[in-house]
Amino acid sequence: MKPLAVRRLGRISYSRGLELQQRLVAERQAGSIPDQLLLLEHDPVFTLGRNARAENVLFPAEALRDVGFEVYDTGRGGDVTYHGPGQVVGYPILDLSPDRRDVHRYVRDLEEVMIRTCAEYGLAASRVTGLTGTWLGNEKIGAIGVRIARWVTSHGFAFNVATDLSAFDLIVPCGIRGRGVTSLERKLGRVVTLDEAMDRLTTHFTAVFEREALDLRDGHGL
């Protein structure tokens with residue numbers, strides 16, 4: 001199996017996350033590093049994908065910044081979403097060549113990672129036809145927005161563990177009306193640590209993508 005460097009970066013700004021991804025994508029395209037999986041938390045931020053509609057952000061960007069949220073236009077697919085403390089953000093930097101060059105399959109595989117992780121907690125997550133992400137009934141627990149350049153991936157998934165879900169009230173999450181957002185802690189009614197969730201996400205990520213994890217917990221070398 002191909003190696004996968006798994007790096008836990010703690011809580012970082014969204015701009016720092018973008019900077020790391022851009023550098024690692026270039027290095028992966030050049031073949032100078034193995035596949036990577038960055039696991040982290042972001043400072044509170046709303047990100048708008050390439051397909052974002054302005055009306056899905058319910059307050060002006062200046063007003064959101066005034067109360068502590070960053071706002072970024074970004075190069076991933078999808079609409080608007082929220083990242084913040086208590087949420088595991090995963091940025092896979094994978095070379096999908098030669099045998100996984102299928103965007104649809106890649107997105108379904110990310111969903112599968114989160115579905116399997118939920119199952120470990122006794123939660124029956126699923127897909128919703130026509131929508132992206134991982135769902136518990138009518139509520140989304142895992143969001144996906146990706147970018148693929150020369151078959152190397154960036155951006156990725158966000159999995160709600162202990163997230164302050166009230167932040168989602170300031171937007172129309174992923175541009176989807178009439179559905180809610182949830183978290184592991186809300187569904188389980190108990191504390192779940194991010195390290196525990198990261199352990200389980202890593203286990204299922206390596207299984208689904210057939211990689212061998214090299215666990216570099218402190219982000220050494222970045």
Side-chain angles (χ1 to χ4, degrees), residues 8-14 17 37-49 52 56-59 64 67-71 76 78-92 107-146 155-205 208:
R8 301 191 187 193
L9 304 183
R11 181 170 163 178
I12 65 173
S13 68
Y14 191 71
L37 175 61
L38 310 184
L39 296 173
L40 52 103
E41 289 177 279
H42 275 313
D43 298 329
V45 61
F46 295 108
T47 67
L48 287 78
N56 290 332
V57 182
L58 302 180
F59 295 87
L64 293 173
V67 293
F69 296 96
E70 294 182 287
V71 182
R76 61 164 173 80
D79 206 291
V80 60
T81 196
Y82 166 73
H83 300 310
Q87 181 190 70
V88 176
V89 174
Y91 291 140
V107 172
R108 301 290 83 79
D109 283 346
L110 292 178
E111 291 169 345
E112 183 65 21
V113 170
M114 293 187 284
I115 288 170
R116 294 187 188 186
T117 300
C118 286
E120 276 210 64
Y121 289 97
L123 299 173
S126 63
R127 298 176 178 86
V128 173
T129 302
L131 300 176
T132 298
T134 299
W135 300 81
L136 291 169
N138 201 43
E139 297 177 312
K140 180 178 279 192
I141 192 167
I144 294 172
V146 305
H155 298 275
F157 63 88
F159 187 68
N160 295 326
V161 178
T163 319
D164 178 2
L165 300 174
S166 66
F168 290 99
D169 295 337
L170 304 176
I171 59 173
V172 180
C174 303
I176 301 168
R177 297 180 184 273
R179 289 178 175 267
V181 181
T182 194
S183 69
L184 280 182
E185 286 199 351
R186 174 173 285 186
K187 287 298 185 182
L188 297 175
R190 65 173 177 85
V191 172
V192 182
T193 68
L194 261 67
D195 274 342
E196 176 188 307
M198 287 179 182
D199 286 344
R200 296 185 179 196
L201 286 163
T202 299
T203 295
H204 296 298
F205 190 96
V208 170

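Just so you know, residue 1 is the first one in the sequence shown, and it goes up from there. This structure is a prediction, so every number in the text was calculated from the model and none was measured.
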(request) State, with a plain yes or no, whether a side-chain heavy atom of Val67 is found less than 4.5 Å away from one of Leu170. (result) no
(request) Could you tell me whether the side chain of His42 reaches within less than 4.5 Å of the side chain of Ile12, counting heavy atoms only? (result) yes
(request) Please tell me if the side chains of Ile171 and Asn56 come closer than 4.5 Å, counting only heavy atoms from C-beta onward. (result) no
(request) Kindly say whether Pro85 contributes a backbone atom to a donor-acceptor pair with the side chain of Glu41 at under 3.5 angstrom? (result) no
(message) Please report the interatomic distance CZ(Phe46) to CD(Glu70), rounded to the nearest 0.5 Å.
(response) 11.5 Å
(message) Any non-hydrogen side-chain atom of Phe168 less than 4.5 Å from a side-chain atom of Thr81?
(response) yes
(message) I'd like to know if Arg116 and Glu120 make a salt bridge, using a cut-off of under 4.0 Å between side-chain N and carboxylate O.
(response) no
(message) For a 4.5 angstrom cut-off between non-hydrogen side-chain atoms, does Leu123 reach Leu188?
(response) yes
(message) Side chains of Thr47 and Arg76, heavy atoms from C-beta outward: is any pair under 4.5 Å?
(response) yes
(request) Answer yes or no: is there a side-chain heavy-atom contact under 4.5 Å between Phe159 and Ile141? (result) yes
(request) Walk me through it: do Arg179 and Val128 pass the test side-chain contact (heavy atoms from CB on, under 4.5 Å)? (result) CA-CA 11 Å; Arg179 289 178 175 267; Val128 173; 3.7 Å; yes
(request) Compare every heavy atom of Arg186 with every heavy atom of Val181, then report the nearest pair and how far apart it is. (result) O-NH1, 4.0 Å
(message) Please find the pair of heavy atoms, one from Ala197 and one from Val161, that lie closest to each other, and give the distance.
(response) CB-CG2, 3.7 Å
(request) Determine yes or no for a side-chain-to-main-chain donor-acceptor pair under 3.5 angstrom, with Gln87 supplying the side chain and Asn160 the backbone. (result) no
(request) Answer whether the closest heavy-atom distance between the side chains of Leu110 and Phe205 falls below 4.5 Å. (result) yes
(request) Report yes or no: is the cationic atom of Arg200 (NZ for Lys, CZ for Arg) closer than 6.0 Å to the six-membered ring centre of Tyr121, at no more than 45° off its axis? (result) yes
(message) Testing the basics here: between Pro92 and Gly156, what is the closest heavy-atom pair and its distance to 0.1 Å?
(response) CD-CA, 3.9 Å
(request) Please name all residues satisfying side-chain contact (heavy atoms from CB on, under 4.5 Å) with Glu111, sequence neighbours left out, ordered by chain then number. (result) Val107, Arg108, Arg127, Thr132, Thr134, Ile144
(message) So which atom in Val208 and which in Glu112 form the shortest heavy-atom distance, rounded to 0.1 Å?
(response) CG2-CG, 3.9 Å
(request) Can you label the angle between the Phe69 ring and the Tyr82 ring as parallel, tilted or perpendicular, going by 30° and 60°? (result) perpendicular
(message) Ignoring hydrogens, what is the shortest heavy-atom contact between Pro44 and Arg11? Give both atom names and the distance.
(response) CD-NH2, 3.7 Å
(request) Might you work through the side-chain contact (heavy atoms from CB on, under 4.5 Å) test for Leu201 and Leu37, ending with a clear yes or no? (result) CA-CA 11 Å; Leu201 286 163; Leu37 175 61; over 6 Å; no
(request) May I ask you to check whether Asp164 and Ser166 show a side-chain donor-acceptor distance below 3.5 Å? (result) yes
